[in-house]
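Scroll down for the structure; my scribbles are underneath it.
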Amino acid sequence: MLRQYELVERVKSYDPAADEDQLNRAYVYAVKMHGAQTRASGDPYFSHPVEVAGLLSEKRLDSSSIITGLLHDTVEDTDATLDGLSEKFGDEVAGLVDGVTKLTQLELQSSRTKQAENFRKLVLAMSQDIRVLVVKLADRLHNMRTLHFLKKEEKRKRIARETMEIYVPLTERIGIRDWKEELEDLSFQQLNPDARASITARLQFLHNEGGDLIANVVDELRRLLAEAGVKAEVQGREKSAFSIWRKMQRQNIGFEQLSDIVAFRVVVNTLEECYQALGAIHGAYPVTPGRFKDYISLPKPNGYQSLHTGVIGPDNRRIEIQIRTREMHEIAELGVAAHWVYKSSPDQAKPQRDGKQYRWLRDMLDILSNASGPDDFLEHTKMEMFSDQVFVFTPNGDLHALPRGSTPIDFAYSVHTEIGNRCVGSKINGRIKPLRTELRNGDQVEVITSKAQTPSPAWEAYVKTGKARAAIRRFVRSKQRDQYLSLGREVVQNIFQQTDHELTEKALKNVLAHFDVESVDDLYVAVGEGRYAAREVLYAVYPGAKAELQQAAPVKKAPPAQSVADGSKHTIPVKGLIPGMAVHYARCCHPLPGDRIVGIVTTGRGVTIHTIDCKTLETFADTPERWIDVGWEMNEEDPPAFMGRLHAVLANEPGSLATISTVIGRNGGNINNLNFTSRGEDFYEMLIDIEVTNVRQLNNIIAALRATAVVNSAERAQA
Ligand code: MN
């Protein structure tokens, strides 16, 4: 185990500004908090955070990351709290530890999930600060190094599989090559011990056979490059068992056919020298066709740059060679961690990375191109990747990716359309929450359904997914169709009844073609929508009916409107007004005594009274000084009349207008004006102005109208 002073010295060696005192305190604190806890290996638990911090220091991470490594398990596994940490070590460290703890909890929660890709994105999305992810990867690496101490094979395999599926790709993305290879190899050891053992044995055999093969090739390449005048460092490195195995699988070839068990690396100083070295090598050895790749002009998504080529080299052996600059080499070895290397590098001549190689970190790109220096980079390395997405769990641990801003309704529809259509409520992390709640990363969402529930058109305002929106619209449309269907059926039935004609399904079927519809229901809908008149249906079925109907009595008109009672006879029944001011009742909302009202002052025009829910009031939202608080004051025996306005839909059949005027009259209202906005000949849609004394009277009239057979709907008109 790394000793306290060793760790501190190592950090100080690359970051002289590191807070030594804080590092020491964090080390002591971790030892104290983990106390007598032990690992499966029998080691004291605190050896684990210390090793994690050690791994981070090998990558020369900043001291906050090192301290986070030391403390990363204290909140999860000991009595330590985040508040306590931020008191002792500051908000930055506490925030990083919090991030690592969340990832650890996530791991526990989602052990059943099979969707590796989504899970990787979730880990990234939750690692708001890239250092959180690097600490988590170091944590995983140390856990993998000690995995063999776990007794249950099943558990070892599960952890190895998770490492392979989740953490290896993340490490690759971040670009820490040796961690990636080690994680891969440790997982391989658990998942396919036989394959690994046979490849390792084979490699050993080749060693014994080939002797100093690697050293010979390295020497020869060095000599060749020196002759060509290229200053280069040459290394040879055996590939890992896992990468050999994967190559054998992928290319379906045997071990003997592999050309690149050993990779040779040529590191030069400048970009030009890369191509000079390539020219020298290609000039000296026959090239293996199809093996040349230029990752310098076309870098890999994680920023990796190199020239790759394959040649028949010394001793007629096929070898693979990578050529790169020193800087490219550091990026290839350290990836994102290379930024800390640059930060600590006193050699200012080294160019700052322009960030283009981190294209996969969409947000990081912005930060890098805007940041003035590496300190800025550290400050702003918030990982906003996938910030347009949110990842949530089903109760079974399945992971769903939704657009950011999604609600439990989106989630319900993403599980199944039926579940969406029937959702009545939701539980988020076990607690009942409103359906409009915005989901957050890692939420576990449970949808509560009811067979009686149907989608509400209002949901459309708070869904984000196209699937949910389309389903809601589809449902609302079908509901509208139902309404048109019943309206149309009623209107057609009425006209047949009133003219004493028999209405049969069969008769209607015979005339479907005439109306260009496919079914009787479609015909009813067409009538309900006003595309055809019920009369036309009647004439189509019984052509003789036309003449009969024309002789029938014309539809009665509404009685002539009486004039509105003159308000001036009465004192103005509104209190709260400035004396002497003219008063108008707004035509948009037609306020009635009993309505809650508000006055709007218009210079030169006095006060206009609106209902409190009138939409026009939005216009005055920015001018609160014009609003005056008013109320009704009705104390007269003979109250003045006010104009109320209704919107009504009624069937167009003989006598229907007479019926509604009777209903209105019986309830003490006078029809003042009728304004048709009818869409079809079979039903009217109209505005009815009625004189009433207060809102209660108007509501009585509405109730009475709704109870009337010919009335399809009646409600107070909204401007
Ligand atoms: Mn840990």
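One-based numbering along the sequence shown. Order of appearance sets the numbers: ligands from 1, and atoms from 1 within every ligand.
Its N, O or S atom nearest to the Mn ion (ligand 1) is what matters here, and for D139 that atom is OD1. Note on D73: its N/O/S atom closest to the Mn ion (ligand 1) is OD2.
Metal site remark for the Mn ion (ligand 1): H72 contributes an N, O or S atom at a distance under 2.8 Å. Backbone or side-chain N, O or S atoms of E76 do not reach the Mn ion (ligand 1) at under 2.8 Å.
A distance-only check finds a donor-acceptor pair linking the side chain of R156 to the backbone of L150 [under 3.5 Å]. Using modelled atom types, one side-chain atom of N24 and one backbone atom of E20 make a donor-acceptor pair closer than 3.5 Å. Not one N or O on the side chain of T74 forms a donor-acceptor pair closer than 3.5 Å with the backbone of A80.
The structure places OH of Y304 at 13.5 Å from CG of L298, a figure rounded to the nearest 0.5 Å.
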